[in-house]
**Student:** 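My structure is below; once you've seen it, I'll send some questions.
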Amino acid sequence: MFLIVCSFFSGILLVFAVQYLIARRWFSHLPTVLPTWKPQMEAFALPKELSEALKDDASRKQKESCLSINVLLQFLFQELKDTKRIRRWVMKRMKMEFEEMLRSTTGKLLEHITVRDFNLGKTFPIIKNAAVDNVVVNDDNTLEVNVGISC
């Protein structure tokens, strides 16, 4: 009786061992599929609208034009878009937004979000019109400003 029980369990172990070896060999020979390569840092390019406005003397001297802030923002974007600090800040912001989204009703549909890569693009958005809607000066001389911006 003992011999029958030992041979039964050794048969079970042998079948599991053979299945494990077959599965291991099968999965080790599968090709690894890597995500397609995309450049994460593109060369900076000045937007066409902004470069045309810079060439036109009349638009550069307009008081209501947002040209000066657009040039400043494009310069800062050109200099800072590929730095580790900015990329880390963007990743933190995306992580915070995705965690908030997973806690909301959307989180019932999605279990986990993974960002493999991201690209900040070539240009910063252009501000076409800006108007101050409301300004409040607090007691400690700090400003609260509501600005309407159209892109």
Side-chain angles (χ1 to χ4, degrees), residues 1-56 59-60 65-134 136 138 142-151:
M1 178 72 172
F2 178 71
L3 188 59
I4 293 172
V5 172
C6 285
S7 62
F8 177 73
F9 285 116
S10 63
I12 290 174
L13 289 174
L14 182 66
V15 168
F16 282 138
V18 169
Q19 286 179 350
Y20 172 74
L21 291 174
I22 290 172
R24 185 173 178 202
R25 184 179 173 116
W26 171 264
F27 286 118
S28 68
H29 290 300
L30 287 177
T32 34
V33 179
L34 299 174
T36 57
W37 185 82
K38 296 178 189 173
Q40 289 203 4
M41 299 178 188
E42 294 183 24
F44 175 78
L46 198 62
K48 290 178 186 177
E49 297 173 351
L50 193 56
S51 62
E52 290 171 3
L54 285 172
K55 292 176 186 174
D56 185 21
S59 66
R60 279 197 324 220
S65 170
C66 295
L67 182 64
S68 59
I69 191 135
N70 280 323
V71 171
L72 178 65
L73 290 175
Q74 292 295 331
F75 172 74
L76 290 174
F77 182 76
Q78 172 188 352
E79 294 296 319
L80 299 175
K81 78 179 188 89
D82 294 330
T83 60
K84 288 182 183 179
R85 186 175 183 181
I86 296 297
R87 295 183 73 78
R88 195 174 321 126
W89 180 81
V90 170
M91 282 299 292
K92 283 181 184 178
R93 293 291 301 186
M94 285 193 320
K95 181 181 176 185
M96 185 177 62
E97 292 296 328
F98 287 150
E99 286 175 353
E100 183 179 314
M101 185 174 68
L102 287 174
R103 283 192 298 261
S104 69
T105 55
T106 309
K108 294 176 183 173
L109 300 173
L110 300 173
E111 184 177 308
H112 184 70
I113 298 175
T114 303
V115 177
R116 289 192 294 186
D117 63 329
F118 67 94
N119 189 342
L120 295 177
K122 292 182 179 182
T123 62
F124 194 78
I126 293 179
I127 299 172
K128 293 183 180 175
N129 187 358
V132 176
D133 294 335
N134 187 17
V136 176
N138 294 329
T142 57
L143 291 176
E144 292 181 20
V145 181
N146 293 333
V147 179
I149 296 177
S150 65
C151 296

**Student:** On a heavy-atom basis, which atom in Gln74 and which in Ile126 lie closest, and how many Å separate them?
**Tutor:**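 It is NE2-CG1, 4.4 Å.
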**Student:** Is the shortest side-chain heavy-atom distance between Glu49 and Asn70 below 4.5 Å?
**Tutor:**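 No, side chains not in contact.
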**Student:** Please check if atom CG in Leu3 has more than 12 non-hydrogen atoms from other residues, nucleotides or ligands closer than 6.0 Å.
**Tutor:** no
**Student:** Identify the two heavy atoms, one from Asn119 and one from Gly121, that lie closest to each other, and give their separation to 0.1 Å.
**Tutor:** OD1-N, 2.8 Å
**Student:** What's the spacing between Met1 CE and Cys6 SG if we round to 0.5 Å?
**Tutor:**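 That separation rounds to 11.0 Å.
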**Student:** With sequence neighbours left out, write down each residue that passes ring-ring contact (aromatic ring centres under 6.0 Å, His included) with Phe98, or none if nothing qualifies.
**Tutor:** none
**Student:** Below 3.5 Å, can you tabulate the donor-acceptor pairs from side chains in residues 85-93 to any protein atom, sequence neighbours excluded?
**Tutor:**
unit_1	atom_1	unit_2	atom_2	d
Arg87	NH2	Gln40	OE1	2.8
Arg87	NH2	Phe118	O	3.4

**Student:** Would you give the length of the straight line joining atom OG1 of Thr123 to atom NZ of Lys48, rounded to the nearest 0.5 angstrom?
**Tutor:** 11.0 Å
**Student:** Contact between Leu73 and Phe77 at the side-chain level, heavy atoms closer than 4.5 Å - yes or no?
**Tutor:**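 No; the side chains remain at least 4.5 Å from each other.
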**Student:** Which atom pairs, one a donor and one an acceptor, fall under 3.5 Å between side chains of residues 17-25 and the rest of the protein, sequence neighbours left out?
**Tutor:**
none

**Student:** Are there over 12 heavy-atom neighbours, none belonging to Ile69, within less than 6.0 Å of that residue's CD1?
**Tutor:**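 Open.
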